[in-house]
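Here the structure is laid out as structure tokens; the discussion comes afterwards.
Chain letters run A, B, ... following the sequence lines, proteins first, then strands; residues in each count from 1. Because only heavy atoms are used, hydrogens play no part in the values below, and waters and symmetry mates are left out as well, while side chains stay in.
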Protein chains: 2
Amino acid sequence: MNIGQVAEASGLPAKTIRYYEDIGLLNPARRANGYRDFGGDDLHKLTFLARARSLGFSIDECRTLLSLYENRARSSADVKAIAEAHLSRVEHKISELNSLKRTLRDLVDHCRGDERPECPILDDLGRGSDRAN
Amino acid sequence: MNIGQVAEASGLPAKTIRYYEDIGLLNPARRANGYRDFGGDDLHKLTFLARARSLGFSIDECRTLLSLYENRARSSADVKAIAEAHLSRVEHKISELNSLKRTLRDLVDHCRGDERPECPILDDLGRGSDRAN
DNA sequence: CTTGACCTTCCGGTAAGTGGAACCATTAGA
DNA sequence: TCTAATGGTTCCACTTACCGGAAGGTCAAG
């Protein structure tokens, strides 16, 4: 398959696929004309990567996950550890964003949003860091 | 004040302050010896920026916010619009992360995490995109 | 006079790609 | 057969918001 076809099939942009090859996640064969020649296993890797990336795993985690995927002697504990670490990162981020959201909501709700210059949002930003959060 | 002192006072690293000058957020005076010489207004700007950045506003938004802050003829509506846009970005991100979290939680909960290779997480990643989310 | 802390600029790197230029290959149509 | 369209190729620059480090200038203290 040409790159356009695996791009279509995997849902990843061709640019991204080339990039993945560049950083060594992939090693597709080459034809005589220099074109990449992707096999079914390459496509499979790419869909694996697409899914893993869509779950927010970093490229480095994807690399490890992929090697575990291809290693029949793996321990599921290793996979789970990566996923749990990622999950707690996500949970941490969510709580950060929730606290951010409350602050922003509060600021926004107190601003009239009219043609006048008075603005509690700017007041907050301008008033150093002596606040309650 | 020297950069180390405003860094201390604003809570921003000196590197960041130089960067902010570089991208035109700031224009501190210079002494004869080439050292930056920060005034009270510079420090005020920096604390404004530190707070705005900590609320997750982009540098570009900070630039706009700062110019509104310094513009006595502003409309609070302009400020509010920026904050609301940011708030909805945050809310959007939160809901994305929540759905991600559910998926990851589900995957993690179904993985034994032992020394055996069987792993529902890898099964999911490897099984194309024919799933329910 | 030297040591150490502080300042300066500049270069490179980060994550994960995206956009574009310049160029080659393949194929369909006039 | 020429040409145009489409789709490959490589390489370089750009993105965000900085951080790390090198090479070197400045300043106060001992």
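Among the heavy atoms of the strands, none lies under 4.0 Å from I23(A). Using a 4.0 Å heavy-atom criterion, one finds that R31(B) contacts no nucleic acid atom at all.
Residues forming a side-chain hydrogen bond (donor to acceptor under 3.5 Å, both in side chains) with R116(A) (at least two apart in sequence, or on another chain): D114(A). Under the rule for a salt bridge (charged side-chain N to carboxylate O under 4.0 Å, His left out), R102(B) has no partner lying at least two apart in sequence or in another chain. Contacts of D109(A) classified as salt bridge (charged side-chain N to carboxylate O under 4.0 Å, His left out), with partners at least two apart in sequence or in another chain: R105(A). Listed by chain and number, the residues in a salt bridge (charged side-chain N to carboxylate O under 4.0 Å, His left out) with R36(A) are E21(A) (sequence neighbours excluded). Remark: E96(A) engages H92(A) in a side-chain hydrogen bond (donor to acceptor under 3.5 Å, both in side chains) (not counting sequence neighbours). Under the rule for a salt bridge (charged side-chain N to carboxylate O under 4.0 Å, His left out), the partners of R31(A) that lie at least two apart in sequence or sit in another chain are D37(A). The side chain to side chain contact (heavy atoms under 4.5 Å, CB included) check on E84(B) picks up V108(A), K80(B), with sequence neighbours excluded.
Extent of DNA chain C lying under 4.0 Å from chain A heavy atoms, first and last nucleotide in 5' to 3' order, is dA16(C) to dT26(C). Interface limits on DNA chain D: the 5'-most and 3'-most nucleotides within less than 4.0 Å of chain A heavy atoms are dG7(D) to dC11(D).
The 5' end of DNA chain D is approached more closely, in terms of each residue's nearest nucleotide, by N2(A) than by the other of N33(B) and N2(A).
Non-hydrogen atoms lying under 4.0 Å from DNA chain D are contributed by P13(B), K15(B), T16(B), Y19(B), Y20(B), all within residues 12-22 of chain B.
The salt bridge (charged side-chain N to carboxylate O under 4.0 Å, His left out) contacts involving residues 67-78 of chain B comprise K45(B)-E70(B), where partners must be two or more places apart or lie in separate chains. Residue pairs meeting the ring-ring contact (aromatic ring centres under 6.0 Å, His included) criterion with at least one member in residues 51-75 of chain A, sequence neighbours excluded, are H44(A)-Y69(A), F48(A)-Y69(A), F57(A)-H86(A).
With S75(A) contributing its side chain and A77(A) its backbone, the two residues share no donor-acceptor pair below 3.5 Å.
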